[in-house]
Protein chains: 2
Amino acid sequence: MRGPLAIIAGAGDFPPRLAELAAASGRPVFIAALDGAADPSAFGQADLCSYRLGQLGRLLEELRRREIADLVLIGSLPRPSFAGLRPEASTLKYLPHFARAFRGGDDHLLRGVVAFFEGQGFTVHGPADIGPEMTAPPGPLGRKSASPSQRELMTRGFELLAALSPFDVGQAAIIADHRVVAIEAAEGTDAMIRRVGDMIASGRLKIAKGDGVLVKAPKDGQDLRVDMPAIGPQTLRHVAAAGLSGIGLRAGRVLVGDAVEIARLADKAGLFIEGVAMAGDKA
Amino acid sequence: MRGPLAIIAGAGDFPPRLAELAAASGRPVFIAALDGAADPSAFGQADLCSYRLGQLGRLLEELRRREIADLVLIGSLPRPSFAGLRPEASTLKYLPHFARAFRGGDDHLLRGVVAFFEGQGFTVHGPADIGPEMTAPPGPLGRKSASPSQRELMTRGFELLAALSPFDVGQAAIIADHRVVAIEAAEGTDAMIRRVGDMIASGRLKIAKGDGVLVKAPKDGQDLRVDMPAIGPQTLRHVAAAGLSGIGLRAGRVLVGDAVEIARLADKAGLFIEGVAMAGDKA
């Protein structure tokens with residue numbers, strides 16, 4: 001995997017960070033910035049073109065012209081409306097594929113996107129393959145380490161998430177007050193953290209010093225190439241505001257973006273963040 | 001079990017309903033109404049005394065004087081503060097038992113209460129033993145039945161709750177949009193339903209007609225004598241307001257209070273409510 005790499009970039013800090021890491025490895029990088037999501041100015045002097053989703057045909061032509069075989073999709077994208085695609089002529093022939101993919105949930109759509117690019121002869125890599133530095137490393141990220149009792153809470157949390165995996169739910173949970181106090185489903189991690197913060201603030205939930213741990217992990221079978229769980233500065237802010245003591249992440253399987261910056265923010269907020277390797281993890 | 005029965009009554013409609021059912025069976029019933037929780041006027045002409053928690057010794061003396069061996073605890077009770085008990089002299093000797101029970105979570109406290117009464121020679125019955133009419137019967141409660149696809153959602157929900165049981169969490173969940181959209185932990189059932197309603201109202205969650213089912217069940221090993229899951233009119237209101245289509249309850253294992261009234265409210269709101277018997281349920 002040493003040819004040129006295309007980064008199909010959505011919103012957020014992760015795409016520019018990945019572009020930086022890929023370029024630092026000496027590899028030619030082409031950024032396909034998705035219109036309305038990626039901010040082209042965040043990529044500095046990188047080789048970049050912007051595309052609307054309806055310009056997929058044009059993007060494929062450009063990738064082929066550049067003899068790019070490897071690509072990675074990263075960054076968030078508001079779920080597109082099929083009606084708002086405004087496809088160009090060169091994109092029309094691909095629509096039936098996406099029309100099918102659109103009919104399921106988000107997972108289904110993401111799998112459809114990967115299958116599409118693979119069907120077109122590209123290899124889709126995960127962000128962790130290209131920039132493993134962007135994932136949680138094993139062990140503490142900042143100065144604080146989890147205590148043995150906090151490690152127990154994390155282990156219990158990861159076991160809970162694993163038990164939920166067959167039901168295709170449960171990327172995150174919060175353990176506090178000797179029990180599971182919140183489990184994430186459709187509301188998302190930040191809303192779940194806020195809920196626990198509200199319960200603590202109202203006195204409905206009592207937590208002692210050092211209590212309260214957020215755990216986050218991918219579901220079994222989740223496609224880590226296009227759907228990797230992630231935390232960012234706002235996750236730390238919410239965790240600190242809620243009054244929790246730290247965060248446990250499955251090592252190598254959750255994106256943190258800029259680990260140095262996340263460690264700095266954790267130190268500042270007095271939180272621990274630890275990557276936890278579990279039995280059965282691939283190296 | 002034909003001697004007199006004591007009903008130790010907390011707040012809500014369930015205690016008067018149980019008192020009515022027990023009295024209708026011809027059995028002498030004594031109501032010990034917990035001060036600040038039970039409303040004595042809701043019990044009509046029943047034989048009733050009110051007690052503060054700090055008057056436990058006085059209550060025990062009264063039960064013995066009446067030669068009552070059987071009791072049932074029902075109704076909600078705000079978690080008492082140990083400091084606010086203001087125990088009478090006759091209660092002081094029981095305090096060490098409760099001081100220990102207070103140190104754990106709610107489950108621990110409830111187990112401590114049951115163990116206390118059993119240690120004093122009483123038999124603690126569950127509301128379902130005394131008034132099985134108060135639990136969800138198998139099958140539809142009102143006019144509406146769940147469709148085969150709604151039954152599938154319920155089965156998936158009950159399997160999810162069973163998978164959560166070893167973690168001592170998960171009395172309720174909501175399945176919609178082909179997936180698990182909410183799992184109850186410390187926030188309680190009503191808050192979980194409201195969360196899903198908010199996601200639907202904001203367009204974050206799309207549900208089709210007939211979609212969206214609340215499931216509720218006890219955890220494995222939950223002591224159904226003092227900690228039975230329950231729904232009431234407000235649950236139905238929240239489910240209807242959220243835009244869900246119905247409720248699945250483990251038959252015989254979830255309190256509904258007045259089944260006729262609940263069926264009437266379900267019909268009025270256009271909801272189905274079904275009791276579901278699962279393999280392995282005791283008759």
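To find a chain, count down the sequence lines: A is the first, B the second, and so on, and within it residues start at 1. Everything numeric in this text was worked out from a predicted model, so none of it was measured.
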Max heavy-atom pair count under 4.5 Å with chain B, selected residue of Ile174(A), Leu205(A), Val196(A), Val180(A):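 When all of Ile174(A), Leu205(A), Val196(A), Val180(A) are compared, Val180(A) has the most.
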Rounded distance [0.5 Å steps], CG in Leu56(B) versus OG1 in Thr91(B):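 Nearest 0.5 Å value for the CG-OG1 distance: 5.5 Å.
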Glu184(A) CD to Asp190(A) CG distance, which is reported to the nearest 0.5 Å: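 If we round to the nearest 0.5 Å, Glu184(A):CD and Asp190(A):CG are 8.5 Å apart.
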Smallest separation among heavy atoms of Gly170(A) and Leu161(A), with atom names: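 Smallest interatomic distance, heavy atoms only, reads O-CD2, 3.5 Å.
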Shortest non-hydrogen contact from Ala251(A) toward Gly275(A):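 Closest approach of Ala251(A) to Gly275(A), heavy atoms only: CB-C, 3.9 Å.
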Qualifying residues under ring pair (Phe, Tyr, Trp, His ring centres under 6.0 Å), relative to His97(A), sequence neighbours excluded: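 With neighbours one apart ignored, the set is Phe116(A).
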Non-hydrogen side-chain atoms of Val181(A) and Arg179(A) separated by less than 4.5 Å: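 With C-beta onward as the side chain, the pair touches.
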Heavy-atom side-chain proximity of Leu153(B) to Asp211(B) below 4.5 angstrom: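 A side-chain contact under 4.5 Å exists here.
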Over 12 non-hydrogen atoms of neighbours within 6.0 angstrom of CG in Asp13(A):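 No, because the 6.0 Å sphere around CG of Asp13(A) holds 12 heavy atoms or fewer from other groups.
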Best-contacting candidate, Arg195(B), Arg156(B), Glu159(B), against chain A by heavy atom pairs under 4.5 angstrom: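 Most pairs with chain A among the choices: Arg195(B).
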Max heavy-atom pair count under 4.5 Å with chain A, selected residue of Lys206(B), Glu187(B), Met192(B):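 The option with the most such pairs is Glu187(B).
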Inter-chain contacts: residues 228-248 of chain B against chain A, heavy atoms under 4.5 Å: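 Those residues of residues 228-248 of chain B which would need a heavy atom under 4.5 Å from chain A do not exist here.
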Toward chain A, the part of Leu164(B) with a non-hydrogen atom under 4.5 Å: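 When you check distances to chain A, only side chain atoms of Leu164(B) fall under 4.5 Å.
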Chain A contact via Leu160(B) - side chain, backbone, both or neither, heavy atoms under 4.5 Å: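 For Leu160(B), heavy atoms of backbone and side chain both lie under 4.5 Å from chain A.
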Interchain contact, Arg204(A) with chain B, by part (heavy-atom threshold 4.5 Å):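 Side chain only.
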Gln171(B) and Gln222(B) side chains, donor-acceptor separation under 3.5 Å: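 Side chains of Gln222(B) and Gln171(B): pair found under 3.5 Å.
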